[in-house]
Amino acid sequence: METVAPFKEVIDEIKAAGGEIFRLCYQCGKCDSVCPWNRVRTFSMRKIIREATFGLTEIDGEDIWRCTTCGNCVQHCPRGVNQIEIGVSLHRVASEYEVFPASVRSARTARASIISEGNPLQGERKKRAEWAEGLPVKQFAEGMEILYFVGCYFSYDPRMKKVAVATANILNKAGIDFGILGSLENCCGESIRKTGSEELFKRLARENIKTFIENGVKKILVSSPHCYHTFKNEYPEFMVDFEVIHITQYLSELINDGRLEITKAYEKKVTYHDPCYLGRHNDIYEEPRNVLKKIPGLELTEMADSRRDALCCGGGGGRIWMDTPMEERFSDIRLVQANEVGAQVLATSCPYCITNFEESRLNLEYDEVLEIKDITEIIQEVI
Amino acid sequence: MENERVEGSFFNSPADRNFGDVMVVGGGVSGIQASLDLATAGFKVYLVEKAPSIGGHMAQLDKTFPTNDCSM
Amino acid sequence: MTYTEVDSVEGEAGDFKVTLTKKPRYIIEEKCTGCTTCVEYCPVQYPDQFNQDISQNKAVHIYFAQAIPLVAYIDESCLYLKEKKCLICESVCQADAIDLNQTAEKVEINVGAVILSLGIEPFDPRVREEYRYGEFENVVTSMDYERLLCATGPYEGEILRASDKKHPHKIAWIQCVGSRQVIPGGNSYCSAVCCTYAQKQVILTKDHDADAECTIFHNDIRSYGKDFERYFQRTEELPGMRFIRSYTSIARENPETKNVAVRYSTPDDGVKEEEFDMVVLSVGLNPPADYEKLAEIFGIELESHGFCKINSSNPMETTRPGIFVSGTFQGPTDIPESVFTASAAGAQCGELLDYRRGNLTKERIYPPERDVSQEEPRIGVFVCHCGANIGRIVDVPSAVEYALTLPNVVYAQEQLFSCATNSAQEITDMTKEKGLNRVVVAACSPRTLEPLFRDTVREAGINQYYYDMANIREHNSWVHSKEKEDATQKAKDIIRMSVARASLLEPLQEYDLPVNKAALVVGGGIAGMTCALSIVSQGHEVYLVEKDADLGGTARRIHYTLDGMDVQAHLHDLIEKVYQHPLVHVYTDAKITDAAGYVGNFVTKVESERGITEIEHGAAVIAIGADVYEPTEYLYGEDDRVLTHLELEDHIVREEEKVVKAESLVMIQCVGCRNEERNYCSRICCGVSIKNALKLKEINPDMDIYILFRDMRTYGFSEDYYREAADKGVRFIRYEPEDEPQVEPGESEEGRPVLKVTATDYILGQKLEIDADIIALAAAVIPSAGTKEVAGLFKVTLSPDEFFKEAHAKLKPVEFAADGVYLCGMAQYPKQIPETISQAYGAAGRVLTLLSHDTVVASGSICEVDEKKCMGCGACLSACTYGAIEFREVKKDKKAVVNPVLCKGDGLCNVKCPTGAISLKHFTDEEILSQIDAAAA
């Protein structure tokens with residue numbers, strides 16, 4: 001067995017990067033027992049934390065980049081260790097040294113794209129509103145009821161653009177006075193922050209906040225749980241407080257208030273997948289289900305591992321930009337779970353989840369078996 | 001529960017109906033022990049228990065460690 | 001007063017006015033015989049609370065089989081109470097005990113003091129969904145499991161799964177459910193009892209099913225109590241038993257088998273998922289339900305977790321004078337603590353109310369005893385149904401009929417519950433009426449009820465030894481529940497044997513021994529002084545004997561506790577009180593040279609600076625404390641940078657530079673114990689190391705502190721300090737006994753002379769090498785050097801670990817098997833200062849139960865020597881564990897003599913005597929042979 005000495009300098013760096021909470025760990029293994037990684041390969045969060053405790057972190061290794069920030073260990077940790085904070089601090093240290101394993105390099109591309117174009121998808125900034133061409137979608141102006149903050153994936157990704165369109169259609173149908181920021185919109189910064197790019201996150205946040213203020217934004221509607229999370233829980237670090245609402249919450253509200261009327265049936269068996277950043281991170285479990293339950297003909301079924309125990313799609317924490325070997329994708333397991341309960345449609349409400357699920361759908365050759373839908377896409381069909 | 005014999009009874013009260021020395025609240029093992037000690041040491045005790053029987057949680061246990069003696 | 005709640009407590013110490021509400025039982029307690037006829041007829045099925053809702057009971061029922069009082073009550077599920085229907089119970093009750101019009105009754109009482117023994121509430125795992133309790137059928141709590149194990153439980157002692165009523169074969173226990181967690185719904189503290197109760201459940205499970213596969217998932221096994229370490233090993237060595245160090249998650253339920261899949265993580269194998277037939281949640285202890293309301297009613301303050309706020313220098317004290325607390329309401333504790341804190345709270349009531357002791361109680365007066373020695377035996381036989389316990393199996397009427405045919409039996413009858421007050425009265429009455437001179441009750445074990453029936457016979461004016469008990473329950477109906485006819489025959493056999501013996505019984509006299517009102521306390525540490533002061537505060541003289549020149553004991557070397565108590569200030573205060581109290585006589589530099597006598601009448605010789613004194617006393621308390629192991633490990637004694645934790649504390653208090661300015665300090669736990677030589681845990685060391693680490697971090701926050709441990713045993717609220725230490729940056733490294741840390745002198749990278757400590761870290765799978773400036777060893781607490789000598793003098797025994805052995809591990813934690821000798825403090829086992837203080841008060845409370853009487857009664861069933869047959873071989877002397885037999889010179893011969901007061905009547909000597917000279921009264925050869933003959937007849 002190898003003998004090593006605690007590496008004080010590394011410990012201090014991790015502490016300085018905000019990861020000091022490792023100190024609370026009493027090595028009970030609970031985090032490992034709930035971590036989705038252990039369904040596909042061996043991975044020990046406990047060990048990551050232990051290494052950080054003694055400054056023995058393999059800063060250039062793959063393991064520190066694995067955590068998808070799904071938050072399952074955080075919600076179970078009996079000692080109150082925030083594993084996500086530790087992971088992020090390790091990413092900051094690695095970014096400082098600019099050491100990245102091969103699988104992480106594509107995340108660097110995303111970062112570069114955010115820096116230059118304000119999105120991780122290498123889309124041109126000026127084309128951010130291209131998805132809305134031909135639709136009655138206005139530029140946001142002061143006095144409007146709500147700002148629809150579209151988000152990067154919905155603006156550029158061909159699959160996700162459909163969701164943005166569905167959302168706009170629904171809002172118009174309900175007669176909402178809304179607008180978008182178009183090229184003024186910037187990446188929210190949630191995921192890039194998780195990869196350790198703290199300064200970039202701060203820049204994005206400041207720019208977005210500035211735009212919101214300059215445009216007189218009061219209430220923000222988002223399609224992505226990641227935008228929701230950072231606006232709601234992280235932007236207040238900059239001493240601002242905008243009202244943020246996720247589309248599933250908004251839909252639930254509109255339907256309940258009678259502003260949006262469901263007129264058609266949807267005769268399919270649907271299961272709902274809780275995105276980590278909607279469920280575990282923000283406690284939104286009921287609204288999406290309430291929306292689906294309002295649809296006549298729709299049979300809602302629950303998969304194994306739902307709500308608090310929902311299995312992560314694998315896309316959080318910047319993992320959406322990294323390479324995950326085929327046999328290590330949580331989203332494959334999730335699709336099998338959906339199929340096991342006989343669902344025809346796997347509904348969710350997160351761009352990362354949908355992206356990963358669509359890919360798994362191809363891999364598993366599930367194109368005849370299962371449809372992947374954003375909740376808005378279902379609603380669009382029934383109003 | 002091995003009950004000790006107590007000289008002078010603590011359930012029936014003598015002359016002063018509602019006067020006692022000590023009220024013990026809770027008829028689990030601790031409350032019973034305190035009552036027995038005090039009664040044996042010459043005090044009149046009221047043992048007040050909210051359940052229909054004394055015994056507390058210990059009465060629900062099958063055996064006790066590390067001797068594996070019966071709890072009752 | 002059962003089924004009663006406290007509404008308010010007004011007034012002050014010495015004069016409290018209490019308002020109580022007696023809830024309606026809808027049963028007239030005085031009339032109910034506990035026959036359970038009403039229960040049989042009641043049509044309402046309702047989950048049985050006592051059996052954790054696993055089985056059903058009726059709306060009218062007795063709380064549990066051995067309930068006290070053994071009377072029924074009607075709960076809210078009653079049809080009449082709900083819809084004014086039914087009333088079947090009223091019509092079937094022959095005692096007219098049902099009264100459905102009862103209402104809650106307010107009662108006011110006046111008392112001088114109050115003791116709160118409010119207990120705990122088991123943690124309800126429903127508050128955290130992750131445990132799946134209530135969702136997966138085969139996930140049960142440990143409390144449910146206790147009921148499953150129990151013969152009086154829902155399936156009469158069969159462990160069955162809820163899903164299919166089959167025996168589970170593969171069972172997992174999940175530890176720390178609701179404990180040691182800072183997540184919503186959980187408790188941050190350690191519940192202190194779960195590790196060992198889970199082991200108990202494993203052992204009992206293996207008794208039920210020797211092939212059962214049991215797994216305990218844990219994160220530290222906390223076997224910190226007396227004999228717990230051996231118990232842990234006993235469990236560990238069971239075949240098919242695994243201890244796995246991992247918390248778990250309950251993953252899913254197998255839809256077909258309803259087995260429960262558990263996921264856990266080990267450093268070697270990573271995360272595994274395994275299916276179990278049943279999962280037991282080792283639930284922790286919560287404060288009593290409604291604790292906030294209770295605090296308001298009693299006018300007391302609570303600590304942050306909802307338990308009673310106590311003073312660590314007197315843990316029985318609440319924030320309201322005159323109201324004391326005992327048991328688990330002080331914080332999560334085990335049964336022995338609950339018992340001695342009860343005695344301790346009693347002692348404090350005694351201190352407060354000594355002036356009125358005896359005013360409200362009165363002695364029982366028995367009728368004069370009739371001399372029946374010249375009469376022929378006239379035996380009465382009373383056969384008990386014990387509700388359904390006996391009656392459902394044994395044909396009681398036929399047993400009664402049979403009894404009447406036996407020689408000397410002149411009367412026989414059946415009784416529903418012989419132990420019920422009215423039945424006992426019936427025995428007394430019939431004895432008088434029929435002129436009986438011997439009584440046999442065929443019922444349960446003499447262990448529980450013989451004293452009651454002896455008393456009953458005595459009430460009838462008959463010598464109480466003219467009584468015999470035939471056990472037809474434990475020895476018969478409980479074990480032969482499926483063979484009713486054979487059981488009835490066996491009952492008859494047992495009765496016949498008992499009757500044969502009863503014919504030969506002789507009247508025996510019990511002795512009233514005078515009680516000397518003074519106590520001797522051996523040991524002048526915190527335990528001895530606390531105990532002495534409580535005794536003298538209740539009006540009795542105390543002789544306090546200390547071997548050193550100064551009082552204080554080990555506490556002289558302790559300065560602070562985890563919870564911030566100033567030990568030296570407390571100690572000075574105690575010493576001052578001891579010297580100032582006129583009733584305490586202190587002997588320092590003292591040595592006990594002889595101790596003779598027996599309960600109530602001891603004579604002890606003490607050599608001290610006062611010369612030789614002969615002290616007469618009625619009770620003795622052994623409080624001689626403990627010593628610290630002097631390590632031979634880890635360069636202790638060779639390198640002055642290696643200290644014991646006591647030395648470390650001393651250095652910290654004196655702010656010695658080499659310690660408080662150290663860059664790096666390593667503590668090593670379990671030095672000199674939890675090994676072959678000392679197979680026990682010293683209990684206090686984990687807490688002590690955390691205490692010192694926190695103190696050092698306070699003085700020098702930059703110091704690197706490492707604690708190398710085997711299991712962190714910060715039980716109870718100490719767990720909070722464990723987390724605090726981690727939060728302050730103290731690092732914890734676990735080691736295994738077969739891979740102990742290595743220490744050798746060396747140099748740091750910067751060239752600083754250091755001690756190199758190497759230890760394996762199991763999570764990293766690497767060896768860590770740490771540079772230490774100071775090493776502090778958690779040296780074991782070992783029995784005081786004087787233990788064996790003192791044990792010999794007072795004829796008391798020692799446990800395997802050579803601490804003093806109490807009379808009963810759970811229920812008599814401050815007494816010895818020898819009457820009149822008591823025990824407290826570290827002499828019994830290592831313990832923290834607040835625990836020592838509680839136990840010392842507890843011993844005082846027990847001493848008072850003796851000293852407050854003028855006499856004590858010694859049993860009549862004792863041994864006797866026939867001098868003619870005795871040849872003075874001494875075999876009996878060595879057989880007696882109580883030192884009750886001595887030699888006496890008779891005409892140049894040595895003859896054995898039994899001291900009737902010390903004899904416990906165990907009969908060990910009888911067997912050893914080669915000439916049959918020694919016999920045990922009430923169990924004479926003749927009596928026993930007559931029973932055997934009757935059995936064979």
Side-chain angles (χ1 to χ4, degrees), chain B residues 1-11 13-69 71-72, chain C residues 1-6 18 20 25 50 63-64 66-68 73 108-119 143 146-147 149-150 196-197 200 203-204 227-228 231 326-327 335 338-339 341-343 345-346 349-350 353 356-358 360-364 451 809-811 845 848-849 852:
Chain B
M1 217 160 279
E2 298 173 54
N3 284 326
E4 286 174 46
R5 299 294 297 156
V6 179
E7 295 295 322
S9 75
F10 65 95
F11 285 117
S13 24
D16 321 270
R17 266 297 288 164
N18 292 325
F19 276 84
D21 293 309
V22 181
M23 171 174 73
V24 177
V25 189
V29 59
S30 198
I32 293 173
Q33 183 68 46
S35 304
L36 288 170
D37 277 7
L38 284 162
T40 311
F43 293 108
K44 185 181 158 191
V45 180
Y46 286 100
L47 173 58
V48 177
E49 165 61 48
K50 67 177 190 304
S53 167
I54 58 170
H57 285 297
M58 188 171 163
Q60 280 183 285
L61 306 182
D62 183 33
K63 303 244 162 39
T64 60
F65 58 78
T67 50
N68 288 1
D69 282 349
S71 302
M72 292 301 289
Chain C
M1 301 170 116
T2 48
Y3 224 33
T4 303
E5 304 215 15
V6 178
V18 182
L20 305 168
R25 271 179 182 268
F50 187 78
Y63 195 49
F64 57 99
Q66 299 96 323
I68 299 172
Y73 76 107
E108 276 191 6
I109 57 171
N110 291 277
V111 291
V114 175
I115 297 177
L116 301 179
S117 313
L118 302 175
M143 212 55 194
E146 286 289 337
R147 296 314 301 151
L149 284 168
C150 189
T196 312
Y197 81 54
K200 174 196 74 177
I203 291 173
L204 296 176
D227 291 336
F228 288 8
Y231 198 68
S326 78
I335 295 166
S338 293
V339 171
T341 55
S343 298
C349 293
L353 304 173
R356 53 198 267 193
R357 194 189 296 267
L360 294 173
T361 54
K362 59 176 181 193
E363 295 279 316
R364 288 267 300 271
K810 289 284 175 203
L811 299 174
L848 259 289
T849 62
S852 60

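Please read these numbers as outputs of a predicted model, since none were measured by experiment.
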Q: Identify which of G56(B), G26(B), S53(B) forms the greatest number of heavy-atom pairs closer than 4.5 Å to chain C.
A: S53(B)
Q) Which one, A51(B), G27(B), P66(B), leads in non-hydrogen pairs under 4.5 Å with chain C? A) P66(B)
Please classify the contact of [X] with chain B as side chain, backbone, both or neither, using a heavy-atom distance under 4.5 Å.
X: L118(C); value: both
X: L149(C); value: both
X: V18(C); value: side chain
X: R25(C); value: side chain
X: A809(C); value: side chain
X: S852(C); value: side chain
X: Y231(C); value: side chain

Q | Ring centroid separation F65(B) to Y197(C) under 6.0 Å | A | no
Q: Could you walk me through whether V111(C) and V22(B) pass side-chain contact (heavy atoms from CB on, under 4.5 Å), step by step?
A: CA-CA 5 Å; V111(C) 291; V22(B) 181; 5.7 Å; no
Q: Indicate whether any N or O donor in one side chain lies under 3.5 Å from an N or O acceptor in the other, for D37(B) and S343(C).
A: yes
Hey, which of [options] has the most heavy atom pairs under 4.5 Å with chain B?
options: V339(C), I203(C), D227(C); answer: V339(C)
options: G327(C), G845(C), G350(C), S338(C); answer: S338(C)
options: L20(C), V6(C), T341(C), T196(C); answer: T196(C)

Q.
Apply side-chain contact (heavy atoms from CB on, under 4.5 Å) to residues L353(C) and F43(B) and explain how you reach the verdict.
A. CA-CA 9 Å; L353(C) 304 173; F43(B) 293 108; 3.8 Å; yes
Contact summary for [X] and [Y], nearest pair of heavy atoms:
X: R147(C); Y: A59(B); value: NH1-O, 4.0 Å
X: A342(C); Y: A34(B); value: CB-N, 3.6 Å
X: E146(C); Y: D62(B); value: OE1-N, 2.6 Å
X: F64(C); Y: I54(B); value: CZ-O, 3.6 Å
X: C349(C); Y: L38(B); value: CB-CD2, 3.9 Å
X: L811(C); Y: Q33(B); value: O-OE1, 4.1 Å

Q. Under the side-chain contact (heavy atoms from CB on, under 4.5 Å) criterion, do V25(B) and S117(C) qualify, and how do the steps go?
A. CA-CA 6 Å; V25(B) 189; S117(C) 313; over 6 Å; no
Q | Main-chain N/O of M143(C) paired with Q60(B) side-chain donor or acceptor, under 3.5 Å | A | no
Q | Point-to-point distance, once rounded to the nearest 0.5 Å, from CG of D21(B) to CZ of R356(C) | A | 4.5 Å
**Q.** CD1-CE distance between I335(C) and M58(B), expressed to the nearest 0.5 angstrom
**A.** 4.0 Å
**Q.** side-chain contact (heavy atoms from CB on, under 4.5 Å) between N18(B) and E108(C), intermediate numbers included
**A.** CA-CA 7 Å; N18(B) 292 325; E108(C) 276 191 6; 5.8 Å; no
Q. Hey, are the side chains of M23(B) and I109(C) touching, using non-hydrogen atoms and a 4.5 Å cut-off?
A. yes
